[in-house]
Participant: 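I am attaching a structure below and will ask some questions about it afterwards.
Throughout, numbering of the chain's residues begins at 1 and tracks the sequence. For ligands, and for the atoms within them, numbers begin at 1 and follow the listed sequence. The structure presented is a predicted model; accordingly, all values stated were derived computationally and were not measured.
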Amino acid sequence: MLLRPALLAAARSPRLERTVRRMSSTRRLVGRFVAGDDEAQAIAVATPLLASGRRISIDYLGEDTTEIDQARATVTHYLSLLAALAHGQGFYDALALEISLKLSALGQALPRDGARIALDHAREICAAARAAGVAVTIDAEDHTTTDSTLAIVGDLRGDFPDLGTVLQAYLKRTEADCRALAGSRIRLCKGAYREPPSVAFQRPEQVDAAYLRCLRILMDGSGYPMIATHDPRLIEAAGHYAREAGREHADFEFQMLYGIRDPEQRRLAAAGHRLRVYLPYGDQWYGYFMRRLAERPANLTFFLRALTPGNFTDSPPGTPAGRFS
Ligand code: FDA
């Protein structure tokens with residue numbers, strides 16, 4: 001509980017990022033959560049996941065972009081990824097492939113016209129995704145972006161009604177957002193950022209209770225709930241709520257992060273549930289990786305053990321991690 005805020009603050013520290021990137025042992029742990037640093041590695045990891053009956057949502061890592069060129073480069077990466085995924089169509093069921101987008105990586109945080117730039121970029125990617133037969137879901141970032149993100153999603157849904165979006169149960173506003181959006185594709189997660197008590201529940205039991213309230217609203221609605229959690233109690237509750245709402249297996253899906261609870265992912269898929277794996281790749285893994293450390297003390301212990309002399313590479317600060325083992 002005490003470490004989590006510190007780790008989430010560290011997730012936004014460029015200085016710590018330089019240090020963490022220089023540690024050779026970081027790369028092994030990063031490789032547990034991140035498919036690799038380029039598209040070919042992501043597809044190589046995605047292929048056996050798909051063959052095992054799971055679905056995927058691929059995320060090209062990056063966030064808080066402050067340069068327009070970088071935002072543009074992210075669009076180019078996604079267009080290339082979609083072209084590669086289009087080749088996979090026909091091998092897997094039509095709903096197996098999805099991409100996830102962070103609007104801050106598409107320019108939302110740019111000081112001038114950020115929201116409009118992110119909207120235009122997202123629209124371009126959504127159009128390419130539709131042509132490739134790939135679904136799209138927009139990730140949720142910290143609470144200062146929620147209004148802007150939901151406004152952009154609302155705008156995009158005029159042209160792309162199947163666009164998914166993420167809601168974070170820890171935000172006090174989310175129950176109302178669930179009611180407003182329960183007729184659409186909603187990925188419900190607990191929430192992974194450091195948020196103040198004025199906007200977000202802080203205690204785990206409060207977050208779990210909020211998740212259950214939101215889950216009930218989504219299951220009782222007319223949309224498509226995407227249950228993004230590894231929490232066994234919430235997964236069990238989702239099954240009960242789905243039955244009570246008269247939903248079949250095809251009327252909702254479970255989602256988990258790559259590298260987390262793999263046996264449970266397989267169990268759910270084998271039981272006939274739709275199970276999608278969120279699969280990130282790219283060399284901008286630092287923020288994502290630190291949020292995974294913050295979620296689980298055991299990951300942090302492993303990481304701290306790596307903080308021993310001899311675990312630093314000679315590579316200069318900021319060097320990409322290269323191929324993850
Ligand atoms: P909780 O953290 O309570 O974990 C339950 C159990 O899962 C743990 O006891 C452990 O067994 C396992 N577990 C969880 N995290 C682990 C880890 N890092 N390493 C190893 N085991 C772990 N957040 C956000 O703010 N915006 C977003 O857009 C998204 N998108 C998203 C997509 C998908 C598909 C998922 C699954 C999650 C997200 N998240 C997210 C992250 C989410 O908000 C949350 O931080 C994590 O899912 C962890 O919360 P759990 O619900 O798994 O519960």
Participant: Are a donor atom and an acceptor atom from the side chains of Glu253 and Tyr224 found within less than 3.5 Å of each other?
Facilitator: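 The answer is yes; a qualifying pair exists.
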Participant: For atom 19 (N) of ligand 1, find the nearest protein heavy atom and state the residue, atom name and distance (0.1 Å precision).
Facilitator: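 Here the nearest protein heavy atom works out to Asn299 ND2, 2.8 Å.
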Participant: Have Gln255 and Ser57 got a donor and an acceptor in their side chains that come within less than 3.5 Å?
Facilitator: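 The criterion, which ignores hydrogens and geometry beyond distance, is not satisfied for Ser57 and Gln255.
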Participant: With backbone taken as N, CA, C and O and side chain as the heavy atoms from C-beta onward, which portion of Leu257 lies under 4.0 Å from ligand 1: side chain, backbone, both, or neither?
Facilitator: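 Leu257 to ligand 1: contacts from backbone and side chain alike.
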Participant: Taking only Lys NZ, Arg NE, NH1 and NH2, and the carboxylate oxygens of Asp or Glu, determine whether Glu17 and Arg21 approach each other closer than 4.0 Å.
Facilitator: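 Yes, charged N to carboxylate O under 4.0 Å.
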Participant: Ligand 1 versus Ile260, non-hydrogen atoms closer than 4.0 Å: side chain, backbone, both, neither?
Facilitator: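 The answer is the side chain of Ile260.
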Participant: Tell me which part of His230 gets within contact of ligand 1: side chain, backbone, both or neither, using heavy atoms under 4.0 Å.
Facilitator: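 The part of His230 near ligand 1 is both the backbone and the side chain.
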Participant: Please work out, at 4.0 Å between heavy atoms, whether the side chain, the backbone, both, or neither of Arg296 comes within that distance of ligand 1.
Facilitator: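 For Arg296, the contact with ligand 1 is made by the side chain alone.
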Participant: Counting only heavy atoms on the protein side, is anything nearer than 4.0 Å to atom 4 (O) of ligand 1?
Facilitator: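 No.
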Participant: Is Arg32 near ligand 1, meaning one of its heavy atoms is under 4.0 Å from it?
Facilitator: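 In this structure, Arg32 qualifies as a contact of ligand 1 - some heavy atom is under 4.0 Å.
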Participant: Can we say Arg72 and Glu124 salt-bridge, meaning some charged N sits less than 4.0 Å from an Asp/Glu carboxylate O?
Facilitator: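 Yes, charged N to carboxylate O under 4.0 Å.
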Participant: For the residue pair Glu295 and Leu7, establish whether any side-chain heavy-atom pair is separated by less than 4.5 Å.
Facilitator: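 Contact flag for Glu295/Leu7 side chains = no.
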